[in-house]
Protein chains: 2
Amino acid sequence: MSDLLERLRGRGWRMTSQRRVVAEVLEGDHVHLTADEVHARAAQRLPEISRATVYNTLGELVSLGEVIEVVTDGRARRYDPNAHHPHQHLVCSACGTMRDVSPTGSPLADLPAEERFGFTVSGADVTYRGLCPACIRRPGA
Amino acid sequence: MSDLLERLRGRGWRMTSQRRVVAEVLEGDHVHLTADEVHARAAQRLPEISRATVYNTLGELVSLGEVIEVVTDGRARRYDPNAHHPHQHLVCSACGTMRDVSPTGSPLADLPAEERFGFTVSGADVTYRGLCPACIRRPGA
DNA sequence: TTATTGACTTGGACTCTGTCCATCGTAGGA
DNA sequence: TCCTACGATGGACAGAGTCCAAGTCAATAA
C-alpha cells in the first residue's frame with residue numbers, strides 16, 4: 001500500500017475500493033488531473049465507480065490536505081497530489097500543459113504591509129504562463 | 001463619456017446602449033464583478049439586456065485588453081477593468097472579497113532557468129490569500 | 001464466522017456558468 | 001431618410017459540480 005493510503009487509513013479513513021482507486025490514480029509527479037480525468041482512469045480499474053464518488057473523494061483528499069485543488073482557467077479544477085512540498089505552477093498558454101516549479105524566494109515577502117489592506121495574508125499562489133517547448137516549435141501555436 | 005468609451009469608439013467599436021451600459025458598470029477601482037453581477041447591474045439601467053450580450057461584450061473588452069479576466073476559484077470568472085496598471089490580487093478566503101495589490105519586485109525574477117523546463121515564460125499571476133478585516137473580526141469565519 | 005450499523009456509493013435530477021445559433025433590430029454611413 | 005452589416009436577443013445546449021434518497025458494504029463486536 002502506498003504512503004498516501006497508509007496515512008489515510010491511519011487517520012481513520014474507511015478504506016473502500018473506490019477510494020483506493022482514486023488515491024492510486026493520483027500518484028506521481030506533475031500530475032494535474034481534472035475530476036473527469038480521474039473518473040475516467042479510475043473507471044478503467046473499477047468500471048462502476050460513479051462521478052459523485054470521485055467528486056466526494058477528491059473533496060475529502062483536499063480537506064485532509066493530501067491533494068491541492070488548482071485553478072488556472074475558468075474550466076475544470078485540477079487535482080495535484082504534490083501537497084507536501086510547497087510549489088507553484090507553470091502553465092502553457094497554448095496547450096494547457098502544467099509543471100510544478102519551485103521559485104526562489106517567497107511571493108509573500110513582496111507584499112508590503114501598506115498593500116495588505118488590513119488582511120491577514122497566509123499564502124500566495126503563483127501561476128507562471130508561457131509556451132512549452134512543443135508549442136514553441138509548433139508554428140502558429 | 002468616459003475614457004474607456006472614448007477609447008473604444010476610437011477603435012471603431014460600434015456604440016450601442018448595451019455596450020455603453022456594460023462598460024459603465026465596470027468603472028471604478030477594485031471592481032471584480034462576475035458576468036452575472038455585471039448583467040444584474042446593467043439590467044437596472046437597461047432591463048431588457050440579455051445575458052448573451054453581456055457575455056459577448058465582456059469577451060470583446062477582454063480581447064481588446066480593456067478588461068482582465070480573473071479566476072480565483074472554480075466558480076464564475078471575474079472581470080477587472082484595471083487593465084492598464086499591472087497588479088496582482090488579494091482574496092479573502094472566507095468571503096471572497098478581492099483587492100488589487102502591487103507587490104514589489106517581479107515574480108518572474110524568482111523563476112530560475114532550471115525551473116523553466118524549456119518554457120518561454122511571459123508572465124505570472126499571483127493570488128494572495130488570507131482573511132479580510134471584517135472576517136478576522138467575525139468569530140468562526 | 002456472522003450480525004450489525006453507520007458510513008460510503010450510486011445514479012439521476014438539479015444548479016450554475018458559459019456558449020451557440022437563428023432571427024430580429026438598429027447604428028452609422030451613403 | 002434609407003440600407004445594411006453588425007450587434008442584440010432568448011432559448012437551447014453543454015460542461016462542471018452539487019445534492020439527495022435509497023442501496024451497499026467495511027469494520028467492529030459478539
Side-chain angles (χ1 to χ4, degrees), chain A residues 1 5-6 8-25 32-43 45-64 66-80 96, chain B residues 1 5-6 8-26 32-64 66-80 96:
Chain A
M1 184 186 295
L5 291 175
E6 199 84 25
L8 293 172
R9 190 188 281 279
R11 293 218 221 171
W13 220 44
R14 185 157 147 186
M15 191 52 60
T16 67
S17 53
Q18 292 86 348
R19 288 175 165 188
R20 189 192 321 276
V21 167
V22 169
E24 284 169 359
V25 162
H32 308 95
L33 300 172
T34 64
D36 259 12
E37 287 165 353
V38 171
H39 179 245
R41 297 192 186 195
R45 302 195 216 170
L46 198 63
E48 67 280 16
I49 192 171
S50 75
R51 272 182 1 113
T53 296
V54 170
Y55 276 104
N56 288 341
T57 304
L58 290 172
E60 285 155 15
L61 289 171
V62 170
S63 298
L64 291 169
E66 294 290 349
V67 164
I68 293 168
E69 213 171 48
V70 184
V71 178
T72 55
D73 53 14
R75 301 311 195 125
R77 303 171 197 168
R78 294 184 171 274
Y79 294 88
D80 180 350
Chain B
M1 186 186 294
L5 291 175
E6 198 85 24
L8 292 171
R9 190 188 280 279
R11 294 218 221 171
W13 221 44
R14 186 157 145 184
M15 191 52 59
T16 67
S17 54
Q18 292 85 350
R19 287 177 165 188
R20 190 192 321 276
V21 167
V22 168
E24 284 170 358
V25 163
L26 283 173
H32 307 95
L33 300 172
T34 64
D36 258 12
E37 287 165 352
V38 171
H39 180 246
R41 296 191 188 195
Q44 287 175 1
R45 301 196 219 170
L46 198 63
E48 67 281 18
I49 192 171
S50 75
R51 270 180 3 111
T53 296
V54 171
Y55 275 103
N56 288 341
T57 304
L58 290 172
E60 286 154 16
L61 289 171
V62 170
S63 300
L64 290 169
E66 295 290 349
V67 164
I68 293 168
E69 212 171 50
V70 184
V71 178
T72 53
D73 53 15
R75 300 312 197 121
R77 303 171 197 168
R78 294 184 172 273
Y79 294 88
D80 179 351

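Since we're looking at a predicted model, the values are computed, not measured. Note on naming: letters A, B, ... go to the chains in the order of the sequence lines (proteins, then strands), and numbering restarts at 1 for each one.
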>> Nearest heavy atom decides the nucleotide; on that basis, is B:W13 or B:R51 closer to the 5' end of DNA chain D?
In response: B:W13
> Using a cut-off of 4.0 Å on non-hydrogen atoms, how would the nucleic acid contact of A:R19 be classed: base, sugar-phosphate, or nothing?
Replying inline: sugar-phosphate
> Between B:R14 and B:I49, which is nearer to the 5' end of DNA chain D once each is assigned its nearest nucleotide?
Replying inline: B:R14
>> For a 4.5 angstrom cut-off between non-hydrogen side-chain atoms, does A:Y79 reach A:T34?
In response: no
>> Please check this pair: side chain of B:H39 against backbone of B:A52, looking for a donor-acceptor N/O pair closer than 3.5 Å.
In response: no
> Do B:R14 and B:R9 come within less than 4.5 Å of each other through their side chains, counting heavy atoms only?
Replying inline: no
> Which heavy-atom pair separates B:V71 from B:R77 by the least distance, and what is that distance?
Replying inline: CG2-CG, 4.3 Å
> If you look at every strand shown and take non-hydrogen atoms under 4.0 Å, does B:A76 touch a base, only sugar-phosphate, or nothing?
Replying inline: sugar-phosphate
> Considering all heavy atoms of both residues, which atom of A:L5 and which atom of A:E24 are nearest to each other, and what is their separation?
Replying inline: CD1-OE2, 4.0 Å
>> Using a 3.5 Å distance criterion without hydrogens, assess whether the side chain of A:S63 forms a donor-acceptor pair with backbone atoms of A:G59.
In response: yes
>> Is the shortest side-chain heavy-atom distance between B:Q18 and B:T57 below 4.5 Å?
In response: no
>> Students often get this wrong, so: under 4.0 angstrom with heavy atoms, is A:R77 touching a base, only sugar-phosphate, or nothing?
In response: sugar-phosphate
> Of all nucleotides in DNA chain D with an atom under 4.0 Å from a non-hydrogen atom of chain A, which is the first and which the last going 5' to 3'?
Replying inline: D:dA16 to D:dA27
>> Which is more 5' along DNA chain C, the nucleotide nearest A:E48 or the one nearest A:R75? Just name the residue.
In response: A:E48
>> Regarding B:T53, tell me which of base, sugar-phosphate or nothing describes its non-hydrogen contacts under 4.0 Å with the strands shown.
In response: base
> Backbone N or O of A:L64 within a donor-acceptor pair of the A:R11 side chain at under 3.5 Å?
Replying inline: yes
>> Under 4.0 Å from a heavy atom of chain A: give me the 5'-most and 3'-most nucleotides of DNA chain C that qualify.
In response: C:dG6 to C:dG11
